[in-house]
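Remarks on the structure that follows.
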Amino acid sequence: MKPMKEGKVREVYDNGDSIIMVATDRISAFDVILKNKIVDKGTVLTQMSKFWFDFTKDIVPNHMISVDTKDMPEFFQNDEYKGKSMMCKKLEMLPIECIVRGYITGSGWASYKENGTVCGIKLPEGLQESEKLPEAIYTPSTKAEIGLHDENISFEKSVEILEKIYPGKGADYAAQIKDCTLKLYNKCADYALTKGIIIADTKFEFGLDEDGNVVLADEMLTPDSSRFWPLDGYVAGKGQPSFDKQFVRDWLKANPDSDYLLPDDVIDKTIAKYKEAYEMLTGKKLEA
């Protein structure tokens, strides 16, 4: 079988009335696929998404059918795909990345220092780096093709984009995905705090089923799509240590001539952080 679609990290296979999403061990940073593989990373992404999909199905339906390769064609029934494959409902994907920020960090912090706003949203004066926001904010973006950068947009712009594709329904779909994004984030961020992890920000993607209902899709609250910080030692006013790709980004920034090739110790530390986040959040060891 050949993938019908290949992203920076995921491969998507057509399975008739469903699709099979495989999270590979590839890693990307700054919209570039790095030359190294991070062994077990795909398993962490798939199993963590499964955990969160189960945890939030009361808020919005999701696309997950099964993560057991025995339910999939024979092609997937081997060690290469075990643990990192998810059979999912087919959806018509909405062209909006649904980003939610609960803390001020990264590009949001840079923007706030410049003009007191994040993605055009005015925030209170006097916030410190990594500080918790009074309430989580929704800052959607467009979904760019591989190699291009996503573009932050206003909520109004997201209505406009969706209205062009779904005349008469754009405002409703935009409102639904915003509402779901904030509800998902608030429930999961509150839970994560009880497990010693701060979810600073994350992104969700949604699609429509055959009846036009909004369905949560892609991955969910993984170290690839989110900023996870340890609660232990958290103090606003500085950057935070991280369970996610930030470790890789920081190394790449410090080594601009690396040609996107990571040393072994950075790979080892990265997968150790991914596994630690998984085990803290789920209370289980990763079964690779």
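This chain uses plain numbering: 1 for the first residue, then up along the sequence.
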- Message: Strictly below 4.0 Å, N to O, side chains only: are D201 and R227 in salt-bridge contact?
- Response: yes
- Task: Return the minimal non-hydrogen interatomic distance between P241 and W229, and the atom names on each side.
- Result: O-CD1, 3.4 Å
- Item | Note: K41-D224 ion pair, threshold 4.0 Å (strictly below) | yes
- Query: Is a salt bridge present between D14 and K90, judged by a nitrogen-to-oxygen distance below 4.0 Å?
  - Reply: yes
- So, are K143 and E205 salt-bridged, with charged N and O less than 4.0 Å apart? yes
- Item | Hydrophobic cluster identity match, F53 and I65, side-chain contacts under 4.5 Å | no
- NZ on K82 to CG on D79, rounded to 0.5 Å: 6.5 Å
- Query: When you check the gap from the basic side-chain N to the acidic O, do K203 and E97 get nearer than 4.0 Å?
  - Reply: yes
- Would K284 and E279 pass as an ion pair if we require N to O under 4.0 Å? no
- Message: Any salt bridge linking K275 with D40? Criterion: basic side-chain nitrogen under 4.0 Å from a carboxylate oxygen.
- Response: yes
- Does any non-hydrogen side-chain atom of K187 lie less than 4.5 Å from one of D58? yes
- Item | F228 side chain near Y274 side chain, heavy-atom distance below 4.5 Å | no
- Could you tell me which residues satisfy salt bridge (Lys or Arg N to Asp or Glu O under 4.0 Å) with E160, sequence neighbours excluded, listed by chain and number? K157
- Output for pair (D264 CG, N36 CG), nearest 0.5 Å, gives 8.0 Å
- Gap between atom OH of Y173 and atom OG of S158 - 0.5 Å precision: 14.0 Å
